[in-house]
Number of protein chains: 2
Amino acid sequence: MKLEQAIQSTRFKNEVHKAGLNILYTAWWLKTVMSRELKEFGLTHEQYNVLRILKGKHPELICVKDIACRMIEKNSNVPRIIDRLEIKKLVKRATSEADKRETVISLTQSGIAVLEASTQRINAIFDEVMVINEEEASSINQLLEKVREKES
Amino acid sequence: MKLEQAIQSTRFKNEVHKAGLNILYTAWWLKTVMSRELKEFGLTHEQYNVLRILKGKHPELICVKDIACRMIEKNSNVPRIIDRLEIKKLVKRATSEADKRETVISLTQSGIAVLEASTQRINAIFDEVMVINEEEASSINQLLEKVREKES
DNA sequence: AACAAATACGTGTATATACATGTATTCAAA
DNA sequence: TTTGAATACATGTATATACACGTATTTGTT
């Protein structure tokens, strides 16, 4: 769907302004698609993200701050997301021996199973809805990295 | 900043998968930049969005559902966002005469003033941080609309 | 060794997101 | 005309976002 239809507006200051809105809208759209699939696994978007990060290092242990700095949305309240995952017995908390300030997190067997099933589903839905080829994706990656060049 | 540094990961399934994450990360980055500026005006990202939509129709009245369908994030709880704006006396609520189910919203003088000042700031920060030219922005717009082609 | 600063995490608050439900009003079919 | 469905909005709940602050631990400086 064209952005104009999606947000019922045709008045954009210029193409750059429109690109900003397009990025925000596309991200919302993508999150919505993913969340709908993850719901079947009882996971939210952010809970899934934390599980993925844990998997990346598994069976190595990883502490809360290392999870936080890998999150897509940097202001995520990781301790609270881990609270939910712990209740569902998908992860385990332990105090680090090396540095008692750190809480190290590990995946449970159940966590591994849920992650594997949901990842399969997420990969499938990505292939299904993102109808672009590798070159187009590559262009997007280059352009978005240029957008963020100025850092903040 | 490269996505790899931003989320400390180098393992992407393919360019399409990476593009998905890049879109999500760039949207977060853009929202963060905007929110930081809006904070000086006591506004959140979504409150600003509602004010902009009201301005687009001003001095015409607009009802809650028409605001909702123009929002970038479609699941926004518009009545609640309007609650906050009403407390700050930036908007006014009234029941529609034509259809008493509808609540029509209008900007106050104070709302108009805050919106104008904040819009100036937002436009300036857009120009400042989004260092791409019109052609590059146009490419992004085309590519993102292709990404969303499949609808859902 | 003692103490100040930094770090890591948990917790609290306000707002937003996502979704379900309740209530009043309008519309449409019998 | 009456009644059931649809619509518009408000409200409630769980989770997330954004940010501030408190506590425990570690580090660095004197």
Check: Which residues in residues 41-68 of chain A have at least one heavy atom lying under 4.0 Å from any atom of DNA chain D?
Finding: A/Thr44, A/Glu46, A/Gln47

Check: Does the side chain of B/Lys74 reach to within under 4.5 Å of the side chain of A/Ile7, using non-hydrogen atoms?
Finding: yes

Notebook entry, point to check: Between D/dC9, C/dA16, D/dT26, which nucleotide has the shortest distance from any of its atoms to the side chain of A/Asp99?
Noted result: D/dT26

Notebook entry, point to check: Hey, is the side chain of A/Arg93 poking within less than 4.0 Å of OP1 or OP2 on C/dG10, counting only N and O atoms?
Noted result: yes

Item checked: Residue pair A/Leu51 / A/Leu115: nearest heavy atoms and the distance that separates them -> O-CD2, 3.5 Å

Margin query: Using only modelled atom types and a 3.5 angstrom limit, is any donor from either the side chain of A/Arg84 or the base of D/dT15 paired with an acceptor on the other?
Written below: no

Next item on the list: List the atom of B/Ala19, the atom of A/Ile140, and the distance in Å for their closest heavy-atom pair.
Entry: CB-CG2, 4.2 Å

Next item on the list: Starting at atom CD of B/Glu86, determine the distance to atom P of D/dA10, rounded to an integer number of angstrom.
Entry: 9 Å

Notebook entry, point to check: Closest nucleotide of DNA chain D for A/Lys88 versus for B/Ser35: which of these residues is on the 5' side?
Noted result: A/Lys88

Checklist line | Bracket string, DNA chain D, 5' to 3' - pairs by Watson-Crick or G-U geometry under 3.5 Å, | interstrand | finding: ||||||||||||||||||||||||||||||

Check: Are any of the side-chain nitrogens in A/Glu86 or A/Lys92 under 4.0 Å away from the carboxylate oxygens of its partner?
Finding: no

Next item on the list: Run the salt-bridge test on B/Asp127 and A/Lys13 with the 4.0 Å N-O cut-off and return the result as yes or no.
Entry: yes

Item checked: Basic-acidic side-chain contact under 4.0 Å: A/Lys2, B/Glu145 -> yes

Next item on the list: Check whether any side-chain N or O of A/Asn75 sits under 4.0 Å from OP1 or OP2 of D/dT17, and answer yes or no.
Entry: no

Check: Would you say A/Ser96 reaches C/dA8's phosphate, i.e. side-chain N/O to OP1/OP2 under 4.0 Å?
Finding: no

Note to self: What is the distance, to the nearest angstrom, from the NZ atom on B/Lys74 to the P atom on C/dT17?
What the structure shows: 12 Å

Note to self: Under 4.0 Å, heavy atoms only, any strand: does B/Lys31 hit a base, just the sugar-phosphate, or nothing?
What the structure shows: nothing

Next item on the list: Output, in order, the C-alpha distance, side-chain angles, deciding distance and verdict of side chain to side chain donor-acceptor pair (under 3.5 Å) for A/Arg52 and A/Thr119.
Entry: CA-CA 8 Å; A/Arg52 281 293 299 267; A/Thr119 296; 4.5 Å; no

Check: Touch check for B/Asn77, heavy atoms < 4.0 angstrom, all strands: base, sugar-phosphate only, or nothing?
Finding: base

Check: At under 4.0 Å, does any side-chain N or O of A/Trp28 touch on OP1 or OP2 of C/dA16?
Finding: no

Margin query: What is the separation between atom CZ on A/Arg101 and atom C1' on C/dA6, rounded to the nearest whole Å?
Written below: 8 Å

Margin query: To the nearest 0.5 Å, what is the distance between CE on B/Met130 and CD1 on B/Ile132?
Written below: 4.0 Å

Next item on the list: Keeping the roles fixed (side chain from A/Ser118, backbone from A/Leu38), state whether a donor-acceptor pair exists under 3.5 Å.
Entry: no

Next item on the list: Measure from CD on B/Glu102 to C1' on C/dT25 and round the result to the nearest Å.
Entry: 11 Å

Item checked: Interatomic distance where CD belongs to B/Glu97 and C1' belongs to C/dA24 [whole Å] -> 16 Å

Note to self: Is the phosphate of D/dT17 approached by A/Ser76 (side-chain N or O, under 4.0 Å from OP1 or OP2)?
What the structure shows: yes

Item checked: Protein-nucleotide distance (A/Leu38, atom CG; C/dC19, atom P), rounded to Å -> 12 Å

Next item on the list: For A/Lys39, report the nucleic acid contact type (base, sugar-phosphate, nothing); a contact means any heavy atom under 4.0 Å.
Entry: sugar-phosphate

Margin query: Is there, by distance only and without an angle test, a donor paired with an acceptor across the side chain of A/Arg80 and the base of C/dG12 below 3.5 Å?
Written below: yes

Note to self: Between B/Glu4 and B/Lys18, does any NZ, NE, NH1 or NH2 come within less than 4.0 Å of an OD or OE carboxylate oxygen?
What the structure shows: yes

